[in-house]
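Data block below; observations after.
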Amino acid sequence: MKRQSFVSKGSLSRIFKEAAEAWKRQEYQQSIEILERAAKLDSANAAIHLDLGRAYGMRYDYSGAERCLEKAVRVAARKVETLSEAGKRCQEFGQPEMARRYFERAAEEKGTTAEVFVKLAELSGRRARLDEATEFAERALKLDPTYPPARLVRARLERFSGRLGEAESRVRALVNGGTRDPWWAECWYELGEILDRLGRYDEAMDAFLEAKALVRPAVVHHAANLQRIQARLIELEGTLTGSVFERWATAAESFKPLQRFAVLCGHPRSGTTLLEQVLDSHPGVLTAEETHILHDEAYLPLSRGFPTTASVFEVLESAPLSRLRQSRANYFRFTELMLGKTLGDRMLVDKNPALTSLIPAAVRIFPEAKFMIALRDPRDVCLSCFMQSLSPNPISSSFLSLEGTVTQYLSVMGFWRTLLPRLRNPFLEVRYEELVDNLEGTSRKALGFLEVPWDERVLRFDEHARSKSLGSPSYAEVIKPVNKRAIGRWQNYRRHLDPYLAKLEPMMKTLGYA
């Protein structure tokens with residue numbers, strides 16, 4: 001029997017709107033308190049508890065999140081659906097193992113769905129448990145042989161296992177029976193990856209172009225934001241002089257005790273994930289993989305009260321020491337909560353290519369920071385970015401064409417190379433090609449830069465990576481021993497890249513790739 005709700009739908013709608021607006025204003029605790037009131041008013045409403053669990057999780061309070069998600073499961077009339085939704089919320093706030101537990105419980109319920117087994121297959125795949133992932137995919141297909149996500153994940157697992165012919169057949173059946181819905185772009189991306197592995201490069205490019213055509217209408221609204229982001233980097237290049245960095249560097253005395261901290265960035269697809277896994281294999285290093293903590297918890301609070309048109313430089317230059325200290329404290333506290341570990345005397349490496357544009361904020365808030373910049377042949381970088389299926393946002397929208405990809409690459413790397421001679425913080429550029437060609441030598445250089453002693457465990461990074469759930473698109477490659485397959489990959493697509501090589505050439509020369 002369904003429990004009676006004592007709150008009207010209209011009242012709940014207003015409560016949710018109020019909570020969302022408080023969250024947007026970065027008033028997170030107020031947003032949570034609003035949802036807590038709603039949960040008391042309508043304690044039998046599983047949706048409220050799910051949203052409250054997500055809110056706690058987004059604030060790195062994972063025990064609070066689990067408490068709310070468990071309450072949602074207890075009051076839910078439809079257990080499978082609620083357990084599955086709880087798993088999805090856990091994925092949203094970056095806790096894949098917690099998500100797995102909810103999906104596993106959903107899988108045991110009567111009336112479970114193919115979607116639940118697809119989620120489990122994807123999670124197992126990210127842990128390199130291919131046999132387990134395949135079993136989950138087969139269980140999904142047994143429940144619903146026509147379910148497209150199950151058919152797609154099964155094809156992807158065939159590719160991971162090297163059975164490319166079978167993988168192609170499965171995906172061909174999908175794309176031939178598909179619609180123009182943007183979801184089907186995933187199938188075309190997968191077909192492109194398979195054809196690339198088969199050495200049928202022109203066919204692969206055709207598949208990627210089909211994927212782009214399906215995605216483009218859904219992300220066209222990001223174009224204006226992308227242009228603003230690129231314009232702001234140019235503006236920053238003009239305002240961040242060497243004297244500014246010198247002045248910010250002297251602030252280190254005001255932030256003692258200083259932390260052992262480094263930022264690992266560069267352009268996406270430049271080898272940041274490989275280098276991160278090498279470093280994370282060292283017992284004296286902790287890495288944070290592509291979180292938003294530096295942006296959301298350290299920089300954004302400093303921008304509160306400024307108009308949206310305010311420049312990053314204006315925000316950073318105006319920040320009083322008290323707020324900068326609070327930003328530092330927030331960053332390290334939330335990072336420890338997210339990792340579930342205390343830093344102690346270990347070196348923390350925050351790996352995220354998106355942090356390249358936030359180098360000025362990192363310098364201002366963390367004057368002790370070291371910077372590691374991943375470099376890779378720009379032609380390989382641009383091709384790899386173009387081939388990736390990424391969540392829609394202003395930056396990923398630039399990868400819908402090779403021209404847009406090249407423009408975004410030059411924006412990011414041009415920004416870094418402009419800052420480089422002005423920067424007072426220690427920095428090290430690490431070439432992907434050198435890391436692959438000489439793993440030990442390049443690893444020794446990177447660890448030396450971080451002032452961490454040598455440890456041979458870094459050479460077995462692939463074993464370490466298989467013990468984790470990886471969020472990067474590179475997860476399938478990082479769990480394998482180092483190989484040179486991706487070096488010079490652009491040459492297979494030379495005729496497609498030819499129109500843009502002249503535009504890339506100055507940066508290639510600057511970085512030593514021409």
Side-chain angles (χ1 to χ4, degrees), residues 188-189 191-212 215 226 230 233 264-276 353-354 356-357 372-390 395-418 420 429-439 442 472-474 476-478 482-514:
W188 284 103
Y189 275 116
L191 181 59
E193 288 285 351
I194 294 165
L195 293 169
D196 175 76
R197 295 294 177 91
L198 288 168
R200 292 152 58 185
Y201 304 116
D202 287 341
E203 290 179 72
M205 180 57 72
D206 288 341
F208 290 124
L209 291 173
E210 284 284 352
K212 306 296 182 184
V215 172
L226 175 63
Q230 292 172 345
L233 287 186
L264 169 55
C265 54
H267 195 278
R269 312 302 299 166
S270 292
T272 53
T273 299
L274 175 58
L275 180 55
E276 181 218 353
T356 305
S357 61
M372 304 182 78
I373 311 297
L375 299 184
R376 184 184 177 193
D377 188 319
R379 296 161 294 194
D380 280 330
V381 173
C382 290
L383 177 68
S384 187
C385 286
F386 178 78
M387 289 179 164
Q388 292 304 305
S389 172
L390 301 170
I395 301 302
S396 66
S397 72
S398 67
F399 304 149
L400 291 178
S401 69
L402 283 169
E403 182 178 16
T405 303
V406 168
T407 299
Q408 176 61 15
Y409 175 84
L410 293 175
S411 173
V412 171
M413 295 310 292
F415 180 67
W416 158 243
R417 273 291 167 151
T418 299
L420 186 152
E429 293 183 324
V430 181
R431 295 181 185 274
Y432 171 79
E433 295 84 0
E434 292 178 357
L435 186 60
V436 168
D437 188 58
N438 183 5
L439 178 62
T442 308
S472 167
S474 307
E477 295 303 318
V478 176
V482 69
N483 65 79
K484 301 180 181 181
R485 195 186 74 82
I487 296 177
R489 188 183 186 190
W490 71 272
Q491 295 184 52
N492 300 321
Y493 298 88
R494 178 186 289 271
R495 75 178 188 87
H496 301 283
L497 282 166
D498 266 346
Y500 315 105
L501 293 184
K503 190 174 180 180
L504 272 178
E505 188 174 5
M507 183 58 68
M508 288 163 54
K509 288 181 177 177
T510 297
L511 299 180
Y513 286 97

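All heavy atoms count here, side chains included; hydrogens, waters and symmetry mates do not.
- Tyr513 and Arg431 share a donor-acceptor pair across their side chains, judged by distance under 3.5 Å alone.
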Does the side-chain contact (heavy atoms from CB on, under 4.5 Å) test come out yes or no for Leu198 and Glu203, once each step is laid out? CA-CA 10 Å; Leu198 288 168; Glu203 290 179 72; over 6 Å; no
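- Between Leu375 and Tyr432, the closest side-chain pair of non-hydrogen atoms is not below 4.5 Å.
- How far CD of Gln388 is from CG of Leu383: 9.5 Å, rounded to the nearest 0.5 Å.
- Side-chain atoms of Phe208 and His496, non-hydrogen and from C-beta on, never get closer than 4.5 Å to each other.
- Rounding to the nearest 0.5 Å gives a distance of 8.5 Å between CG of Leu264 and OG1 of Thr273.
- Put simply, the side chain of Thr356 does not reach to within 4.5 Å of the side chain of His267, judged on heavy atoms.
- A 4.5 Å side-chain heavy-atom check between Glu434 and Glu429 finds every atom pair outside the cut-off.
- For the atom pair CG of Leu497 and CG of Asp380, the computed distance is 9.0 Å after rounding to the nearest 0.5 Å.
- Contact detail for Phe386 and Phe399: the closest heavy-atom pair is CD1-O, 3.5 Å.
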* **Residue pair Arg495, Asp202: steps toward the salt bridge (Lys or Arg N to Asp or Glu O under 4.0 Å) verdict** => CA-CA 9 Å; Arg495 75 178 188 87; Asp202 287 341; 3.4 Å; yes
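- The closest side-chain heavy-atom distance from Val436 to Leu274 is below 4.5 Å.
- Looking at Thr272, its side chain never comes within 3.5 Å of a backbone N or O of Cys265 through a donor-acceptor pair.
- Leu501 places a side-chain heavy atom less than 4.5 Å from the side chain of Trp490.
- The minimum heavy-atom distance between Tyr493 and Ala204, with the atom names listed, is OH-CB, 3.5 Å.
- In this structure, CG on Leu400 lies 12.0 Å from SG on Cys385, to the nearest 0.5 angstrom.
- Distance check: Tyr189 OH to Met387 CE gives 11.0 Å after rounding to the nearest 0.5 Å.
- The two residues Trp188 and Glu210 have their closest heavy-atom pair at CD2-CB, 3.6 Å.
- The minimum heavy-atom distance between Pro268 and Pro353, with the atom names listed, is N-CB, 3.6 Å.
- Side-chain contact check for Met413 versus Val381: every heavy-atom pair is 4.5 Å or farther apart.
- At a threshold of 4.5 Å between non-hydrogen side-chain atoms, the residues Thr407 and Ser398 do not count as touching.
- Closest non-hydrogen pair, Ile373 versus Gly266, comes out as CG2-CA, 4.1 Å.
- When every heavy atom of Cys382 is checked against every heavy atom of Thr405, the shortest pair comes out as O-CG2, 3.4 Å.
- Here the straight-line distance linking atom CG of Asp437 with atom CD1 of Ile487 works out to 7.0 Å at 0.5 Å rounding.
- Panel note: side chain Gln408, backbone Ile395; no donor-acceptor pair is recorded below 3.5 Å.
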